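The structure under discussion appears below in the form of structure tokens.
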Amino acid sequence: MPELPEVETIRRGLDQFILRKHVQTVQVFCDKSFIGPKEVIFGQEIIAIRRFGKALIFDFSNGVSMMVHLRMTGQLIFRAFGEESGKDYREMIEAGDFKTSLYDEKSFAGGHPTDSFFSELPNKQTRVLFTLENGTLYFNDQRKFGFCKVLETSEVMQDSFIKKLAKEPWQMSVAEFSKNLARHKNAEIKPTILDQTVIAGLGNIYADEALFLAKIHPERLTGSLSETEISDLLEAAKSVMQASIDSGGSTMATYVKADGTRGDYLQKFAQVFRREGEPCNRCGTEIIKIKVAGRGTHLCPHCQKKIL
DNA sequence: CGACTCACCTGCGTGC
DNA sequence: TGCACGCAGGTGAGTC
Ligand SMILES: [Zn+2]
């Protein structure tokens, strides 16, 4: 689930709660969710929380780091001691009092939005539990595609995933984006921009949103884009992801209500994603949903023409 | 190397 | 109700 804006929101949230805290113990409930020796981080202080694309890196005081990738259904939830039931947050949400901040003083949640955000933890989807000096960090992951991986801090940049990542759109020039796109001139543009070695950070939501904003049909061949369209697409990628980061990504407060229904975040932000059947905000044409490279894809057939 | 397909897992909504 | 099926905010492996 989580794309760059959600992961960045988690990074910022966890900075508030667990930076400079010590890890006391780690409990692993699913072996495939935790790679490497957990004991090496026992007693260690978290000295930095970094993000590369959709991956988070926790650096510890002994030269060890832990990479966390949430993939499709990962969540990171922090609860101060005494807040394991999630009750306070649930009450706050039910009272409609969740617009003041992304988190209160006692808990924070981010990642794949489910009612685990408000439920008693640990639960069936809890794969790893970190006991810190001030509370508990839960790594939940319904589909088990995500992972936590221990490695040396000095080896982070050599990690097979990290080292292949392209720049994020804010650091990338049009020339470099253009060059990376050129490697895939015979592929459709949507799967091309989902490739993290072409540009880092976009996932299924923000790819659809960026293509809509740049008025490019997702099935256009990459090689058919003009220089102007390439430039517009890069700007659109920055714009849609920055807007999401600025509004706090998809944290529980804005994303899922206590009853499990979707909150107002996507409805407010999304122009096309999960809006099939609704009118385009730009031209009024009905948004459609198709399948592109195996992924559900949303677009306005009037604003995004396949053939120019 | 690039373009595709499929695998990895669990759970939910849909339709018979 | 039971069950088959499609689908899901990601990435890696395998094939041609
Ligand atoms: Zn339109």
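In the text below, chain A, chain B and the rest are named by the order of the sequence lines, each starting its count at 1. Here the structure is a predicted model, which means the values were calculated and not measured.
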- Query: If you measure from the P atom in B/dC9 to the same atom in C/dG14, how many Å do you get, rounded?
  - Reply: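 Rounded to whole Å, the distance is 15 Å.
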
- Message: Between C/dC5 and B/dC6, how far apart are the two P atoms, rounded to whole Å?
- Response: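 Straight-line distance between the two P atoms is 16 Å.
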
Distance, rounded to the nearest Å, where [X] contributes [atom1] and [N] contributes [atom2]:
{"X": "A/R143", "N": "C/dA8", "atom1": "CZ", "atom2": "P", "value": "9 Å"}
{"X": "A/K291", "N": "C/dA8", "atom1": "NZ", "atom2": "C1'", "value": "9 Å"}
{"X": "A/M72", "N": "C/dC7", "atom1": "CE", "atom2": "P", "value": "13 Å"}
{"X": "A/Q142", "N": "C/dC7", "atom1": "CD", "atom2": "P", "value": "17 Å"}
{"X": "A/E3", "N": "C/dG10", "atom1": "CD", "atom2": "C1'", "value": "9 Å"}
{"X": "A/F145", "N": "C/dA8", "atom1": "CZ", "atom2": "P", "value": "13 Å"}
{"X": "A/K32", "N": "C/dT11", "atom1": "NZ", "atom2": "P", "value": "14 Å"}
{"X": "A/L70", "N": "C/dG10", "atom1": "CG", "atom2": "P", "value": "11 Å"}

- Message: Return whichever of A/T73 or A/S160 has its heavy-atom-nearest nucleotide of DNA chain C closer to the 5' end.
- Response: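 Nearest nucleotide further toward 5': that of A/T73.
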
- Query: Taking the nucleotide of DNA chain C with the closest heavy atom to each, which residue, A/F161 or A/P2, is nearer the 5' end?
  - Reply: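 Nearest-nucleotide comparison on DNA chain C picks A/P2.
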
- Query: What's the spacing between A/R51 CZ and A/L14 CG if we round to 0.5 Å?
  - Reply: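 It is 13.0 Å, given to the nearest 0.5 Å.
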
- Looking at OG1 of A/T153 and CZ of A/F58, how far apart are the two atoms once the value is rounded to the nearest 0.5 Å?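 That separation rounds to 13.0 Å.
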
- Query: At under 4.0 Å between heavy atoms, what does A/H112 touch on the DNA or RNA strands: base, sugar-phosphate, or nothing?
  - Reply: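 Counting heavy atoms under 4.0 Å across all strands, no contact is made by A/H112.
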
- With heavy atoms under 4.0 Å as the rule, sort A/G296 into base, sugar-phosphate or nothing.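 Sugar-phosphate, no base atom in range.
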
- Task: Please confirm whether A/F108 and A/F78 have ring centers closer than 6.0 angstrom.
- Result: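 No, ring centres 6.0 Å or more apart.
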
- Under the criterion side chain to side chain contact (heavy atoms under 4.5 Å, CB included), which of A/Q304, A/K306, A/E229 is the partner of A/I216?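 That would be A/E229; it is the only one of A/Q304, A/K306, A/E229 passing the side chain to side chain contact (heavy atoms under 4.5 Å, CB included) with A/I216.
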
For [N] and [X] - does any side-chain N or O of the residue sit under 4.0 Å from the phosphate oxygens OP1/OP2?
{"X": "A/H69", "N": "C/dG10", "value": "no"}
{"X": "A/K164", "N": "C/dT11", "value": "no"}
{"X": "A/R295", "N": "C/dG10", "value": "yes"}

- Task: Please confirm whether A/R282 makes a cation-pi placement over A/F212, using NZ or CZ under 6.0 Å from the six-membered ring centre and within 45° of the ring normal.
- Result: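 Geometry flag: set, cation within 6.0 Å and 45°.
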
Indicate yes or no for a side-chain donor-acceptor contact from [X] to the backbone of [Y] under 3.5 Å, with no hydrogens or angles considered.
{"X": "A/S119", "Y": "A/D115", "value": "yes"}
{"X": "A/K32", "Y": "A/K144", "value": "yes"}
{"X": "A/T9", "Y": "A/P5", "value": "yes"}

- Can you find a pair of side-chain heavy atoms, one from A/C148 and one from A/S33, that are under 4.5 Å apart?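 Contact flag for A/C148/A/S33 side chains = no.
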
- Task: Using the six-membered ring wherever Trp is involved, compare the ring planes of A/F161 and A/H69 and label them parallel, tilted or perpendicular (cut-offs 30° and 60°).
- Result: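 Judged by the thresholds at 30° and 60°, the geometry between A/F161 and A/H69 is perpendicular.
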
- Task: Using a cut-off of strictly less than 4.0 Å between a heavy atom of the residue and any atom of DNA chain B, enumerate the qualifying residues of residues 186-204 of chain A by number.
- Result: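 Going residue by residue through residues 186-204 of chain A, the ones with a heavy atom under 4.0 Å of DNA chain B turn out to be A/N186, A/A187.
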
- Full working for salt bridge (charged side-chain N to carboxylate O under 4.0 Å, His left out) between A/D232 and A/K215: CA-CA 9 Å; A/D232 288 351; A/K215 302 184 180 172; over 6 Å; no

- Message: For a 4.0 angstrom threshold against heavy atoms of chain A, report the outermost contacting nucleotides of DNA chain B in 5' to 3' order.
- Response: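 The contacted stretch runs from B/dG2 to B/dG11.
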
- Per the side chain to side chain donor-acceptor pair (under 3.5 Å) rule, which among A/K163, A/H184, A/R183 passes with A/T197?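 Testing each of A/K163, A/H184, A/R183 against A/T197, the sole residue satisfying side chain to side chain donor-acceptor pair (under 3.5 Å) is A/R183.
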
- Message: Give me the atom names and distance for the closest heavy-atom approach of A/R127 to A/Q142.
- Response: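 Here A/R127 and A/Q142 meet closest at NH2-O, 3.0 Å.
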
- Query: Hey, which of these two, A/R183 or A/A293, hits DNA chain B nearer its 5' end, going by closest nucleotide?
  - Reply: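 Going by which nucleotide is closer to the 5' end, it is A/R183.
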
- For DNA chain C, just give me the dot-bracket, please: Watson-Crick or G-U, both distances below 3.5 Å, ( ) intra-strand, [ ] crossing earlier pairs, | paired with another strand, . unpaired. .|||||||.|||||||

